[in-house]
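In what follows, chains are A, B, ... by sequence order, proteins preceding strands, each numbered from 1. Side chains are part of it too, since the values below use all heavy atoms of this structure and drop only hydrogens, waters and symmetry mates.
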2 protein chains.
Amino acid sequence: MSTLADVAREAGVSKATASRAMMRPDMVAASTLERVRAAAERLGFQPNRAARALTTGRTGMLGLIVPTLANPFFSPLVLGAQRAAEETDNHLLIGVSEYDAARESALAGRLCEQADGLVMVAPVGSDASLRAQASHRPLVLVDRRVGRLPAVVLDTSAGTAALVQHLCAFGHREIAYVSGPAGSWADAERRTAATEQAEADGGRLHILGPLDPTFDAGVAAARQLPPSVTGVVAYNSYLALGLLHGLTAAGIHVPRDLSLAAADDLNALGATDPPVTALDVPVEEAGALAVARLLEVHAGTRRTVTTRLPTHVLPRGSTAPPPGTAARTPHGAGHGA
Amino acid sequence: MSTLADVAREAGVSKATASRAMMRPDMVAASTLERVRAAAERLGFQPNRAARALTTGRTGMLGLIVPTLANPFFSPLVLGAQRAAEETDNHLLIGVSEYDAARESALAGRLCEQADGLVMVAPVGSDASLRAQASHRPLVLVDRRVGRLPAVVLDTSAGTAALVQHLCAFGHREIAYVSGPAGSWADAERRTAATEQAEADGGRLHILGPLDPTFDAGVAAARQLPPSVTGVVAYNSYLALGLLHGLTAAGIHVPRDLSLAAADDLNALGATDPPVTALDVPVEEAGALAVARLLEVHAGTRRTVTTRLPTHVLPRGSTAPPPGTAARTPHGAGHGA
DNA sequence: CTGAAAGCGCTAACAA
DNA sequence: TTGTTAGCGCTTTCAG
């Protein structure tokens with residue numbers, strides 16, 4: 001591997017000039033620049049990032065901690081982050097916490113050693129531990145807010161409210177929110193939003209759970225729905241899928257007897273029978289944005305801000321007017337946040 | 001952030017000794033070791049990896065390139081790799097190629113700059129480009145073989161053969177293999193294995209495809225099956241899921257009218273009705289093993305070897321004797337590779 | 001606009 | 001067993 005010194009020699013300039021040609025082309029005479037570039041090209045020069053990191057203090061690496069990759073929610077997130085990193089000539093160090101707070105914080109510590117900053121997606125750690133982490137290195141949260149720490153939030157709570165509104169517009173009044181996991185920040189947000197929206201629309205919200213956000217839990221939940229309920233909003237797609245299965249198995253037809261919607265969107269929801277009304281969530285964008293924010297924080301360009309990314313109701317076949325209602329189109333459907 | 005010099009001063013020793021205390025504890029007097037460790041602890045010392053990399057030539061980073069994260073096959077792979085990296089005090093740089101050869105090779109180039117080696121999972125690039133890559137830096141392939149390059153292969157071809165055998169043992173003779181994507185290495189392997197096994201068992205193998213490995217393609221394929229066929233092995237779970245759906249919709253009952261199996265295993269296959277016979281594939285293990293191999297290659301401990309990880313038939317409800325056969329248990333079922 | 005020189009924090013001979 | 005010394009490859013003052 002050729003070094004900067006090689007390039008400098010080949011181009012007949014000093015190391016300093018060669019370095020400038022790469023870092024600050026505008027500080028170098030055009031002809032010199034040309035020569036250095038040619039030399040670098042000829043030698044296939046690739047700067048040694050470790051050496052660069054040592055002098056500049058920037059490693060060019062960004063840590064990304066996700067709870068899991070098995071949940072398809074996180075794939076586009078990582079992809080978006082990876083692209084954004086790539087575009088800015090950064091690299092992505094990945095860590096999978098498996099929803100374990102201890103593992104998460106250990107990973108954060110390890111990654112920080114080597115990265116310029118950290119993106120933590122839906123972290124499970126305590127506010128205090130995240131604050132501590134942030135005091136150490138630039139930290140951007142995704143789908144979690146802790147005080148004034150910079151965060152990118154997918155606004156599924158507004159989306160959940162929009163879903164409730166969507167149901168109310170159809171004429172539903174007795175609505176159930178099927179909760180996600182106990183202690184989940186996202187679930188708490190969605191639940192609150194659903195409650196407030198139901199109230200605002202003159203409906204009543206029944207809450208089931210907390211539940212594991214799984215297919216099986218959804219199947220079980222289908223048997224627990226209060227009989228008065230005509231519309232259901234599930235914390236996530238897995239629960240919705242389970243609910244759909246459970247309801248169908250119990251002879252309850254969706255959407256004729258009951259309307260069903262999910263507060264996120266797995267592709268699978270579009271392929272069920274009927275397809276399930278859900279939320280369009282810009283996950284990949286969130287990943288990219290988190291990286292962009294992190295870079296800004298690192299550069300000191302940006303104060304601590306939370307960006308909420310809007311989500312939108314994706315009306316599909318699973319929501320309709322409640323039984324015994326003349327069919328009509330809901331007003332206000334299709335617009336979230 | 002405190003440096004090694006700080007620790008040395010605090011412990012009253014030279015930098016060299018402090019460094020040795022961390023790197024080669026056995027070369028340092030017990031009492032000195034103790035003092036250095038205490039000092040490091042007190043100062044919260046964390047070695048600067050960039051500096052270390054500069055002197056040792058090892059960055060402590062391993063690149064991992066996957067085609068996508070959306071396919072749940074790759075999640076456990078990444079998890080396994082990440083764990084193995086963690087255990088050996090390495091970090092994982094992730095790249096997502098999106099099945100694009102150009103992007104893949106660009107990523108490989110970028111990651112190499114900074115990593116001690118590369119794991120490429122099911123790469124789409126040409127043999128030549130992979131060879132070139134390998135000549136550059138340690139490279140371990142997963143689920144792809146190129147000449148004598150080190151590789152970890154999930155032995156789904158033996159598994160596919162075992163699946164065919166499983167069907168034959170039930171009495172099936174007319175069997176279809178529903179192919180995966182054109183040009184796929186894994187598909188070619190599985191197809192060949194299926195063909196040979198069918199022949200060995202006195203059956204006949206019909207080949208459908210190549211097909212996109214998607215649910216929809218599976219649905220479509222259900223209509224293309226030759227009428228004589230009583231058993232089907234699909235390239236992967238998505239195709240199998242689609243086939244199941246398409247067959248059921250067409251009034252063909254699985255497994256009464258037709259047996260169905262998949263040459264890999266998504267969790268979803270266990271939850272369908274009937275659950276689909278599939279292959280137990282040690283994906284996480286493959287990820288971990290690839291990292292271990294990479295480290296060995298890097299250390300020069302190991303020559304170029306391909307490790308095949310066995311897969312096993314997971315018999316489920318979707319396979320049974322062909323129509324018009326007295327039910328009986330197949331012999332030899334349940335054992336792959 | 002360019003060059004000389006001084007490190008960044010660490011490890012690894014080589015001596016002692 | 002420990003200390004001294006010399007870099008690893010790069011960026012960046014500071015002069016010229």
**Report entry** Touch class at under 4.0 angstrom, heavy-atom based, for A/Ser19 against every strand present
**Finding:** base

Requested in this report: Return the nearest nucleotide to the side chain of A/Ala29; candidates are D/dT2, D/dC8, C/dC1.
Outcome: C/dC1

Requested in this report: Provide, to the nearest angstrom, the distance between the CZ atom belonging to B/Arg9 and the P atom belonging to C/dG9.
Outcome: 12 Å

Report task. Ignoring backbone atoms, test whether A/Thr17 places a side-chain nitrogen or oxygen under 4.0 Å from the OP1 or OP2 oxygen of C/dG3. Result -> yes

Requested in this report: Report yes if at least one side-chain N or O of B/Thr56 is closer than 4.0 Å to OP1 or OP2 of C/dA12; otherwise report no.
Outcome: no

Report task. Select one nucleotide: of D/dC10, C/dC10, D/dT4, the one nearest the side-chain heavy atoms of B/Lys15. Result -> C/dC10

Requested in this report: Please report, rounded to the nearest Å, how far the P atom of C/dC10 is from the CE atom of B/Met23.
Outcome: 11 Å

Report summary line: Taking C/dA4, C/dA12, D/dC10 as options, the one with an atom nearest any side-chain atom of A/Asn48 is D/dC10

Report summary line: Heavy atoms of B/Phe74 and B/Thr68 approach each other most closely as CD1-O, 3.3 Å

Requested in this report: Consider the side chain of A/Thr55, meaning its heavy atoms from C-beta on, and name the nucleotide among D/dG3, D/dC10, C/dG9 that approaches it most closely.
Outcome: D/dC10

Report task. Counting heavy atoms from C-beta on, name the nucleotide in D/dG3, C/dT11, C/dG9 closest to the side chain of B/Arg20. Result -> D/dG3

Would you mind writing out the side-chain donor-acceptor pairs for residues 27-38 of chain A within the sub-3.5 Å range, not counting sequence neighbours?
residue : atom : partner : partner atom : Å
A/Arg35 : NH1  : A/Ala11 : O            : 2.8

Query raised in the report: Reckon B/Ser14 has a side-chain N or O less than 4.0 Å from the OP1 or OP2 of D/dG3?
Result: yes

Report summary line: Atom CZ of B/Arg58 and atom P of C/dA12 are separated, to the nearest Å, by 11 Å

Query raised in the report: Can you check the B/Leu54 CG to D/dT11 P distance for me, whole Å?
Result: 12 Å

Query - Nearest-angstrom distance from the residue atom CZ of A/Arg49 to C1' of D/dC10 - result: 13 Å

Report task. Please check the phosphate of D/dT2 (OP1 and OP2 only) for any side-chain N or O of B/Thr32 closer than 4.0 Å. Result -> yes

Report summary line: Separation of D/dT12 atom P from A/Met22 atom CE, nearest Å, is 14 Å

**Report entry** Whole-Å distance separating the CZ atom of B/Arg52 from the C1' atom of C/dA12
**Finding:** 13 Å

**Report entry** Intermediate values then yes/no, side-chain hydrogen bond (donor to acceptor under 3.5 Å, both in side chains), A/Thr307 and A/Arg293
**Finding:** CA-CA 9 Å; A/Thr307 309; A/Arg293 283 280 173 283; 3.0 Å; yes

**Report entry** Exceeds 12 heavy-atom contacts within 6.0 angstrom, atom CZ of A/Arg145
**Finding:** no

Report summary line: The side chain to side chain donor-acceptor pair (under 3.5 Å) partners of A/Arg52 (sequence neighbours excluded) come to none

Report summary line: Rounded to whole Å, CG of B/Asp116 lies from P of D/dC8 at a distance of 19 Å

